[in-house]
Student: 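Take a look at the following structure, please.
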Amino acid sequence: MSTKRNVILVTDGDEHTRRSIEQVAKTVGGRCITQSKGNPSKLSGPELVKLIKKAPHDPVLVMFDDSGIVGEGAGEKALKYVAEHEDINVLGVVAVAAKSRHEEWTRVDVSIDRDGELTPYGVDKYGIPELEIGRLNGDTVYCLDQLNVPLIVGIGDIGKMARHDSYKLGAPITEKAVELILERSGFYDDDTIQSGTLADS
């Protein structure tokens, strides 16, 4: 009998994102699948599931990136595979805003602006609230509405947002998004949670 792994999906995978997600994973006592970085994503869904299962403990943070590809690119195909896998329990998604030539959008349950404030509006890549409630434009968000995930949190460009989310500062906006997902998912209520340090899987 396999135990489901608790995973947070992140819809970005560039170098700024890698550094930030590694930092946040360490802060929350989770693990980052460092090999999931890439712009666009290089690993397939099955490859990522194998790496997730090897992670010493939860939560496991995984990055996906389409690099602006229209429709369902490699990152979204991998994301869908992971999200729908029977051994994976998705705690939530950090949906990252982007400004590309071919915008895709998704609904979000809540966003966090670059000042760390929760807002019902979507945010842009700089972490500034947009005009529409519950809608965020991004590169790797095309398939999120098709997935049965409990919480989608919108934020600006990870590790950036005019330096408000710099990894040198601990990526505070990204950390807040991950913490919100962990709290609302009931992850902290699970007495099997273990603390630990970052694994470069």
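Owing to the predicted nature of the structure, the values given are computational and were not obtained by experimental measurement.
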Student: For V96, is there any backbone N or O sitting under 3.5 Å from a side-chain donor or acceptor partner on T11?
Tutor: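 Yes; at least one donor-acceptor contact below 3.5 Å.
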Student: I need the minimum non-hydrogen distance between A171 and S20, along with the two atoms involved.
Tutor: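 Closest approach of A171 to S20: CB-CB, 3.7 Å.
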Student: Just distance, no hydrogens or angles: give the donor-acceptor pairs under 3.5 Å from side chains in residues 145-156, sequence neighbours left out.
Tutor:
from, atom 1, to, atom 2, distance (Å)
D145, OD1, T106, OG1, 3.1
D145, OD1, R107, N, 3.3
Q146, OE1, K80, NZ, 3.2

Student: With sequence neighbours excluded, what pairs up with H85 under the side chain to side chain contact (heavy atoms under 4.5 Å, CB included) test?
Tutor: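 Partners of H85 under the side chain to side chain contact (heavy atoms under 4.5 Å, CB included) test: V49, K53, Y81, D87, I88.
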Student: Which side-chain N or O atoms in residues 177-187 pair as donor and acceptor under 3.5 Å with protein atoms at least two apart or in another chain?
Tutor:
from, atom 1, to, atom 2, distance (Å)
E179, OE1, Y188, OH, 2.7
S185, OG, I181, O, 3.0
S185, OG, L182, O, 3.0
S185, OG, F187, N, 3.2

Student: Would you please test L48 and V62 for side chain to side chain contact (heavy atoms under 4.5 Å, CB included) and show each step?
Tutor: CA-CA 8 Å; L48 288 170; V62 190; 4.2 Å; yes
Student: Establish whether I173 and V28 are linked, either directly or via other cluster members, by ILVMFWY side-chain heavy-atom contacts under 4.5 Å.
Tutor: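 Yes, one cluster joins them.
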Student: Which Ile, Leu, Val, Met, Phe, Trp or Tyr residues join Y126 in one cluster when any pair of side-chain heavy atoms under 4.5 Å counts as a link?
Tutor: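 Grouped by the 4.5 Å side-chain rule, I128 form the rest of the cluster around Y126.
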Student: Give a yes or no answer on whether the side chain of D65 reaches the backbone of G13 with a donor-acceptor pair at less than 3.5 Å.
Tutor: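 Yes; judged by distance alone, with no hydrogens or angles, the pair exists.
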Student: Is D66 reaching over with its side chain to a backbone N or O of G73, donor-acceptor style, under 3.5 angstrom?
Tutor: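 Indeed, once roles are kept as given, a pair shorter than 3.5 Å links the two residues.
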Student: Give me the atom names and distance for the closest heavy-atom approach of A78 to S44.
Tutor: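 Nearest heavy atoms, A78 then S44: CB-C, 4.1 Å.
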Student: For the NE2 atom on H164, are there more than 12 heavy atoms of other groups (residues, nucleotides or ligands in this structure) within a distance under 6.0 Å?
Tutor: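 More than 12 within 6.0 Å, yes.
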Student: Among D165, I112, T27, which residue satisfies the side-chain contact (heavy atoms from CB on, under 4.5 Å) criterion with E175?
Tutor: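 When side-chain contact (heavy atoms from CB on, under 4.5 Å) is applied between E175 and each of D165, I112, T27, only T27 qualifies.
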Student: Under 4.5 Å side-chain heavy-atom separation, chaining through any Ile, Leu, Val, Met, Phe, Trp or Tyr, what else clusters with I133? Say none if it is isolated.
Tutor: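 Reading the cluster by chain and number, I133 sits alongside Y121.
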Student: Closer than 4.0 angstrom, basic N to acidic O: yes or no for D12 and K160?
Tutor: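 Here D12 does not pair with K160 in a salt bridge, since their nearest N and O are not under 4.0 Å apart.
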Student: Which atom pair, heavy atoms only, marks the closest approach of P172 to S166?
Tutor: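 Reported closest heavy-atom pair: CD-O, 4.1 Å.
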Student: Checking the side chain of E76 only, and the main-chain atoms of Y142 only, is there a donor and an acceptor separated by less than 3.5 Å?
Tutor: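 Confirmed, E76 side chain pairs with Y142 backbone.
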Student: Show the nearest heavy-atom pair for residues R31 and H57, with the distance to one decimal.
Tutor: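 The pair with the smallest heavy-atom distance is NH2-CE1, 3.0 Å.
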Student: Give the minimum heavy-atom separation between V60 and A55, together with the two atoms involved.
Tutor: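 So the minimum-distance heavy-atom pair works out to CG2-CB, 3.9 Å.
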Student: Distance check, rounded to the nearest 0.5 Å: T3 atom OG1 versus R5 atom CZ?
Tutor: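 That separation rounds to 8.5 Å.
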Student: How far does CE of M63 sit from CG of L43, to the nearest 0.5 angstrom?
Tutor: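 Result: 10.0 Å between the selected atoms.
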Student: By salt bridge (Lys or Arg N to Asp or Glu O under 4.0 Å), which residues pair with R18, not counting sequence neighbours?
Tutor: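 Only E15, E22 meet the salt bridge (Lys or Arg N to Asp or Glu O under 4.0 Å) criterion with R18.
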Student: Could you check whether any side-chain N or O of D157 sits under 3.5 Å from a backbone N or O of K125, counting only pairs where one atom can act as donor and the other as acceptor?
Tutor: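 Not a single qualifying donor-acceptor pair exists.
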Student: For the residue pair L136 and A95, what are the closest heavy atoms and their distance?
Tutor: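 Shortest heavy-atom separation between L136 and A95 comes out as CD1-O, 3.9 Å.
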Student: Going by heavy atoms in the side chains, are L144 and L79 under 4.5 Å from each other?
Tutor: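 In contact.
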Student: Please answer: with hydrophobic residues joined when any side-chain heavy atoms are less than 4.5 Å apart, are L118 and L91 in the same cluster?
Tutor: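 Yes, L118 and L91 fall within the same hydrophobic cluster.
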Student: Closer than 3.5 angstrom, by distance alone: can the side chain of D115 be matched with the main-chain N or O of E117 as a donor-acceptor pair?
Tutor: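 Absent.
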Student: Would you compute the distance between atom CG of D113 and atom CG of D124 and round it to the nearest 0.5 angstrom?
Tutor: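 Spacing of CG (D113) from CG (D124) equals 10.5 Å.
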Student: Would E104 and C143 count as a side chain to side chain contact (heavy atoms under 4.5 Å, CB included) if you check the C-alpha gap in whole Å, the side-chain angles of each, and the deciding distance to 0.1 Å?
Tutor: CA-CA 9 Å; E104 298 168 356; C143 69; over 6 Å; no
Student: Rounded to the nearest 0.5 Å, what's the gap from NZ on K168 to CD on Q23? Could you check?
Tutor: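 Atom-to-atom, K168:NZ and Q23:CD are 12.0 Å apart.
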